[in-house]
Number of protein chains: 2
Amino acid sequence: MTKTAEVILFPRHAKNPAQFRTWLASISSTFKKYLEGKGLNLTHQREEVLKCLLSAGNHMSLDDVYAAAKKKDPTIGRATVFRTLKLLEECGLAAEVGSADGRTRFEIKADRPHHDHMICIECGRIAEFESPMMERFQNKAIRQHKFIALWHRHEIFGRCELCAK
Amino acid sequence: MTKTAEVILFPRHAKNPAQFRTWLASISSTFKKYLEGKGLNLTHQREEVLKCLLSAGNHMSLDDVYAAAKKKDPTIGRATVFRTLKLLEECGLAAEVGSADGRTRFEIKADRPHHDHMICIECGRIAEFESPMMERFQNKAIRQHKFIALWHRHEIFGRCELCAK
DNA sequence: ATTTCAATGAAACTGAGTTTCATTATCAGG
DNA sequence: CCTGATAATGAAACTCAGTTTCATTGAAAT
């Protein structure tokens, strides 16, 4: 039986500055290509939003990203942040994650293994976990139902180790 | 390796009228006890809401239940339906389920095995599936994280067999 | 009958998410 | 460089499922 991998995935790339720059460059480039395909441009506002989301060590709500981006560029608007997050989601670079407070959070999906979430209802912390075996049986159920799965949401709500005391 | 059970769970009790009456009686009684514990009563409006949700062959939104209840009793209000659904949820008799259209749906949870959902983004149909093995590996991940799981949401979005053509 | 408090329906409110709109930036062709 | 076309933006307004308020009704307990 395969051991279920236990990984804290998120700040992986953010730890090493050089690695972070490479990661940012790679994702920026992908984003730029996607935008160009739609006749759009990678503006400095859009790049700022992407940078904020990438450098965060945790999952961010729209207003988290807005606040972070505003620090770097006080003229940036909430609508732009919103629209950029939607664009990132659209092209598969970012994904929405549920939360304990009802506000959707965002995470970078590109260049990261698939994972699901455990959400603490006390502190709001979102932990990521991978379970290839779980995926396997999920896929089996999908096949049995002849269902064409496009995306899924697997979120476990409860108390994290620290908040459980 | 256990075969993943494939069950269409929902209208199970609703098929047989006698069985349905027994089921309704049992759940009504549980609900009544819960309400009495809080100094509340099982009013005819509350019972009507419960009956509507029980007899439905599919998952219902607040307004679905409201419409169904209004047919039986035109004076019933949306607020009452809302509050009753919350009460049913509170005591574990009902649960919220996501949907393709953004409106939360409700299902009866009492006396039914645990299951997750596949939601068709074309027709809105919500299929239920069970996978004990999947649960098993999910629980393993939860244990490994020393997480206290209170509830979870596992919803797969895509196209059902019919809508996939 | 009177008091008390749960229960109700209609209507108003909430707030995350989204869209509108007038203005500003950007770019391609001249 | 200009110039026209169109992408992009920020502020503010809007949406709408979900929720709460409030004045009224109902029901149980004296």
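In this text the structure is predicted, and so the values were computed from the model without any measurement. Numbered from 1 within each chain, the chains take letters A, B, ... in sequence-line order.
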Could you check whether B:Lys32 pairs with B:Glu47 (Lys NZ or Arg NE/NH1/NH2 to Asp/Glu carboxylate O, under 4.0 Å)?
no

Look at B:Ser61 and D:dA17 and indicate whether a side-chain polar atom (N or O) is within less than 4.0 Å of OP1 or OP2.
no

With a 4.5 Å heavy-atom cut-off, do B:Glu36 and B:Phe31 have their side chains touching?
no

Would you kindly give the OH-to-P distance between B:Tyr66 and D:dG18, to the nearest whole Å?
15 Å

Report the distance from atom CD of B:Glu48 to atom C1' of C:dT8, rounded to the nearest whole Å.
15 Å

As a quick check of understanding, evaluate side-chain hydrogen bond (donor to acceptor under 3.5 Å, both in side chains) for B:His115 and B:Glu107, giving each step before the final call.
CA-CA 11 Å; B:His115 57 266; B:Glu107 68 175 11; 3.1 Å; yes

Just the rounded figure in Å: distance from P of C:dT8 to CG of B:Leu85.
13 Å

From D:dG18, D:dA11, C:dA7, nucleotide with atom closest to A:Arg83 side chain:
D:dA11

Do the side-chain N or O atoms of B:Thr80 get closer than 4.0 angstrom to the phosphate oxygens (OP1, OP2) of C:dA7?
no

If you check the A:Phe82 side chain, which of D:dT9, C:dA6, C:dG17 turns out closest?
C:dG17

Between C:dG17 atom P and A:Glu96 atom CD, what is the distance in whole Å?
8 Å

Taking only the side-chain heavy atoms of A:Ala79 (C-beta and beyond), determine which of D:dA12, C:dA7, D:dG18 contains the nearest atom.
D:dA12

A:Lys86 NZ to C:dG17 C1', straight-line distance once rounded to whole Å:
8 Å

Taking OP1 and OP2 of C:dT8, is either one under 4.0 Å from a side-chain nitrogen or oxygen of B:Thr75?
no

Tell me the interatomic distance from A:Ile76, atom CD1, to D:dA8, atom P, rounded to whole angstroms.
14 Å

Check whether the ring centres of B:His152 and A:His117 lie less than 6.0 Å apart, and answer yes or no.
no

Assign each of B:Pro74 and B:Leu42 the nucleotide of DNA chain C bearing its closest heavy atom; nearer the 5' end lies the nucleotide of B:Leu42

Just call it for B:Arg78: base, sugar-phosphate, or nothing, with non-hydrogen atoms closer than 4.0 Å on any strand.
base

Just how far, in rounded Å, is P of C:dA10 from CD of B:Gln45?
11 Å

Select base, sugar-phosphate, or nothing to describe what A:Arg46 touches, counting heavy atoms under 4.0 Å on all strands.
sugar-phosphate

Under 3.5 Å: donor-acceptor pair, side chain of A:Thr80, backbone of A:Ile76:
no

Just how far is it from atom CD1 of B:Ile119 to atom CZ of B:Arg159, taken to the nearest 0.5 Å?
14.5 Å

What is the distance from CG of A:Asp64 to P of C:dA16, rounded to the nearest Å?
12 Å

Can you give me the closest heavy-atom contact between B:Arg103 and B:Ser61, atom names plus distance?
NH1-OG, 4.2 Å

Pairs under 3.5 Å (N/O, protein and nucleotides 23-28 of chain D):
none

Please tell me which of the listed nucleotides, C:dA16, C:dT19, D:dA7, lies nearest to the side chain of A:Arg103?
C:dA16

Contact check, side chains of B:Glu96 and B:Arg105, non-hydrogen atoms, under 4.5 Å:
no

